[in-house]
Novice: 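Pasting a structure here, questions to come.
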Amino acid sequence: MDTKRPSIRWRALRIAGQGLEYVLVAALLLVVLEVCSRALHLGQRPMLPSVTDAEGSSRMPPLLATDISFAGGPAFEVCTDKHGLRRKGCAQSEHLAQSAILTVGDSQAFGWGLQYDETFTSLVATALGAVGAGGSAIMAAGGADVESLLPWAKELADSAPAPPRKLNILVLNLGNDLDEMYFGRASAVVPTFAGLREFMSVHSFLMLDFTLARQALAGTSWTMPPGANPVLFSLHTDEREQLALATAGAVVRLALALPPAEQTVVLILPNDYQVAQGEFDKYRHFYADAAQFEQWRTRIGKAAEALDEIEATVRDQLLARGLRVAEPLEALRKADASVMIDRSSHHFTPAGQKLLAASILQAVRL
Amino acid sequence: MTRAVLKWVAFSVALMSVALAGAELGLRAALDGAHFSPPVFEPRAGVLQYGLLPDVTIHVRQFGRTVAVGTTAQGHRRTAGRPAGSAASVHLVGDSQTFGWGVADQETIASRLQAKLGPAAVVVNHGVPGYGPIQYRAILDSLPSEDQVIILHTEENDLADTYGLAASAGISCRLQMSIGSRLDRAGCAPLQLRSVQYLFGQITDFQRRKNFTPLEFSGHSRVAAKVLSHRLTRSYAAIRSSRQGRLVLTTIPWKGRYAPQWRATYTPAPHPSADSQASAFPDELDMVAQFAASPVSPSLYLAGDSHLSPAGAERVAQVLASRLVSQYRSHPLTAMRTPQ
């Protein structure tokens, strides 16, 4: 009987074979999970995928054509062109013409949770007769701010020379732009495997589920208090003045970086509690500690006053530099905030979008 | 099968232990007792959080050289050539640049300034790695108002330190570490091993292969830079009158101003006019222009690092000495002594 021991080469091949077996099984498992995830969500992504550019700034992935449904809510379609701009339809043939109206900003500008036709951009475009091929476009992403949008704006301006658009709408979201531009630069972290994660978030439902699961496990742990603007209490009065002046400067730089338009309007969006202080109450469930929530709630009155002052300074600076400004704050205060603003965030409902559109149109026609 | 696996594991562990022990002995022999990172820190209460251990003399291997790092009985980096019993003091306040990271005791800004001032004054080096404007102000408040104080801000990171939200560094086992680092969880003994220090140094270098553009030089953070710069200016304006004119504010320029290749290692990409823009810090000695005027500006910094080289420390000391001499009509010591 041959009791010769297997050679080292044979053992190495066997180990390699077993390793390959494990890899194939894992890959098959991931494919099965991906299929299950897609079936579970009925083809509607539970999150909006976003990517980052070379500067680390958020933007939308190009050539996206998908339906999104947040937490099982009503689905909305998201289509982007080759520049990552949100467009009305997903047919690329419709994206060939330059849009007459361009809105720039963050999730508020994007029309978070809304069909394209419900966004203030679309409503303004319709009112100004900018419909059909071209029409309007939205250059926006969740988490973006006035400064972080600069590289995207420059890229768009450099991409192809074209006649000026009819209208550029820049959105300054007082709800979080101030905190993002100030605190967002306090700690810099190089994201690891960012390219792989972003690729997966764009192409895999399973990756989105994984991200949501991680967020759910994090529970009520957050770095910025939900619904509040800690920047207002971290700065002295004169530092808030500097913040307002610098913010106006950032808006002007963004306006200059964009492809030219016949008119540029800056839409200053108030935070929800700036419209109605009771709006802050809807963030209670984000705070595990009732005392912590109360600590912020008792400051909301002063926070609203501070935001009003900052808004006034920014408006005056922008007007002095020749920009048109749309300020829907007073109109929103006269309306029912619970109808205008989403019940779980500071985003505007379709009714709120109409009011914003009216504010922009008023600034345009002045 | 189990016995074979156990034998294999035991053999591997033994082999690795021998290799590590050999590497450790080899490194210690090659370094002749020097450390890769200076173990000279101790905890402090309050805003400072940590400081330098007193009466320490060690050697550190950094940037291809072995340099001596010593501290005084008061817990300051030793100033070479410091005279005994002088009445006038010149205090240099700053971070690792002022401390002299990567340079020997006699090569620091303080020591080079001492050499130029001679026995007329005592130069005290208050530089501590990881300190920022909040710590500078705390040190300034502790110094006699009649003493000359020079605060050297660092464009590389002092503006970010002005946030004051969290310390940029901490200490453990007498070593400086990044906040959140868990290197000391296994105790201090492993951290004293040169092989462990070397390994973590390499990991840190890999993690830092991309540097973060200083706030004031990034197009993405001009809002934050403007607010923080205003905060700094206001802070010093409040104290200036109480310092009897003996406070000078200047800055150590960012290396990226003078070295385009070095600028390329930063993210996000610095502003196109980063090399010529005004400093976000008070620069009463026009240090940015002084550095720009040097024909060898990039060599004023250590190769592969943003800290000043011995030549850079010498340049800063020259500028400081010029100011201290020209500020007073006669000998600096005569002017510094308050007439009774």
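Naming convention: chains lettered A, B, ... in sequence-line order (proteins, then strands); numbering from 1 in each chain. Because the structure is predicted, anything quoted here is derived from the model rather than measured.
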Novice: Just so I understand: if I count every heavy-atom pair under 4.5 Å between each of B/Ser229, B/Ala160, B/Ser221 and chain A, which residue has the most?
Specialist: B/Ser221
Novice: Between the side chains of A/Tyr273 and A/Trp296, does any donor sit under 3.5 Å from an acceptor?
Specialist: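 Judged by distance alone, the side chains do not pair up.
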Novice: Taking the six-membered ring for Trp, is the centroid-to-centroid distance between B/Tyr131 and B/Tyr50 below 6.0 Å?
Specialist: yes
Novice: Using a 6.0 Å cut-off, check whether atom CD of A/Gln18 has over 12 heavy atoms from anything other than its own residue.
Specialist: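 Count over threshold, so yes.
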Novice: Applying a heavy-atom distance below 4.5 Å, give me the residues of residues 304-322 of chain A that approach chain B, sorted by number.
Specialist: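 Near chain B, by residue number: none.
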Novice: Any idea which of B/Ala224, B/Ala225, B/Ser218 has the most non-hydrogen atom pairs under 4.5 angstrom with chain A?
Specialist: B/Ala224
Novice: Salt bridge (Lys or Arg N to Asp or Glu O under 4.0 Å): which pairs involve residues 222-237 of chain B, sequence neighbours left out?
Specialist: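 For residues 222-237 of chain B, and leaving out neighbouring residues, the salt bridge (Lys or Arg N to Asp or Glu O under 4.0 Å) pairs sorted by first residue read A/Asp238-B/Arg234, A/Glu239-B/Arg231, A/Glu239-B/Arg234.
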Novice: Which atoms of B/His230 are under 4.5 Å from chain A, going by heavy atoms: the side chain, the backbone, both sets, or neither?
Specialist: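 Just its side chain gets close to chain A.
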Novice: Give, as side chain, backbone, both or neither, the part of A/Arg253 having an atom under 4.5 angstrom from any heavy atom of chain B.
Specialist: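 Answer is side chain: those atoms of A/Arg253 sit under 4.5 Å from chain B.
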Novice: Hey, would you say the A/Tyr182 and B/Tyr163 ring centroids sit under 6.0 Å apart?
Specialist: yes
Novice: Considering residues, nucleotides and ligands other than B/Tyr236, do more than 12 of their heavy atoms fall under 6.0 Å from its OH?
Specialist: yes
Novice: If I measure from the heavy atoms of chain B, does A/Leu150 come under 4.5 Å with its side chain, its backbone, both, or neither?
Specialist: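 A/Leu150 touches chain B through side-chain heavy atoms alone.
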Novice: For the residue pair B/Ser37 and B/Gln176, confirm or rule out a side-chain donor-acceptor distance under 3.5 Å.
Specialist: no
Novice: Would you mind checking which part of B/Leu228 comes under 4.5 Å of any heavy atom in chain A, side chain (CB onward), backbone (N, CA, C, O), both or neither?
Specialist: side chain
Novice: If you look at every heavy atom in A/Val202 and A/Pro49, which pair is closest and at what distance?
Specialist: CA-CB, 3.9 Å
Novice: Using heavy-atom distances under 4.5 Å, tell me whether B/Ala269 contacts chain A through its side chain, its backbone, both, or neither.
Specialist: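 Contact with chain A: backbone and side chain both.
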Novice: Please work out which of the three classes, parallel, tilted or perpendicular, describes the rings of B/Phe291 and B/Tyr258, given edges at 30° and 60°.
Specialist: tilted
